[in-house]
Visitor: 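Structure below; questions to follow.
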Amino acid sequence: NFGATDIAKSCWAFAKLRFVDEADAAVFWKGIAREAERTVRSARFVDVSMMAWAFGMTCYGEEGFYAELSFTTRAVCDTL
């Protein structure tokens, strides 16, 4: 069972490698997006930023994930 840091690192690595257009890429990103949405609220800020960068670079992700990402980012900013 992957945690938020594992998800963030996986997203970042595959985005950095530009694993986007391959046939298996859509399957990977769809699955990892579900896990990212599930774990983002428990993520450290660095993990949140890695997820945001990866999904932004690849144009994958669903509205629910971006809503969770936004909520988590605003919550962290409120504590600074």
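Owing to the predicted nature of the structure, the values given are computational and were not obtained by experimental measurement.
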Visitor: How about Thr39 and Met51: do any of their side-chain heavy atoms sit closer than 4.5 Å?
Guide: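 Yes; the side chains approach each other to less than 4.5 Å.
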Visitor: Let me check something: do Tyr60 and Phe2 share a hydrophobic cluster, defined by ILVMFWY side-chain heavy atoms less than 4.5 Å apart, either directly or through other members?
Guide: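 Yes: a chain of side-chain contacts under 4.5 Å links Tyr60 to Phe2.
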Visitor: List the atom of Val48, the atom of Leu69, and the distance in Å for their closest heavy-atom pair.
Guide: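 Scanning both residues completely, I find the closest heavy atoms to be CG1-CD1, 3.5 Å.
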Visitor: Please set out all donor-acceptor pairs under 3.5 angstrom arising from side-chain atoms of residues 24-33, sequence neighbours excluded.
Guide:
residue : atom : partner : partner atom : Å
Trp29   : NE1  : Phe19   : O            : 2.7

Visitor: If you compare all heavy atoms of Phe65 against all heavy atoms of Glu37, which two are closest, and at what distance to 0.1 Å?
Guide: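 So the minimum-distance heavy-atom pair works out to N-OE1, 3.4 Å.
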Visitor: Checking side chain to side chain contact (heavy atoms under 4.5 Å, CB included) against Met50, which of Phe55, Phe45, Trp12 comes through?
Guide: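 That would be Trp12.
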Visitor: What heavy-atom pair brings Ser42 and Ala4 nearest, and what distance separates the two atoms?
Guide: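 Closest pair (atom of Ser42, atom of Ala4, distance): OG-CB, 4.2 Å.
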Visitor: Flag yes if more than 12 heavy atoms outside Glu22 fall under 6.0 Å of its CD atom; otherwise flag no.
Guide: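 Counting neighbours around CD of Glu22, more than 12 heavy atoms of other residues, nucleotides or ligands fall under 6.0 Å, so yes.
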Visitor: Answer yes when Glu35 and Arg38 have at least one side-chain N-carboxylate O distance shorter than 4.0 Å, and no when they do not.
Guide: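 Salt bridge between Glu35 and Arg38, a charged N being under 4.0 Å from a carboxylate O: yes.
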Visitor: Is it the case that the side chain of Ser70 and the backbone of Tyr66 share a donor-acceptor pair, with hydrogens and angles ignored and the cut-off at 3.5 Å?
Guide: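 Pair absent, no side-chain N/O of Ser70 close to backbone of Tyr66.
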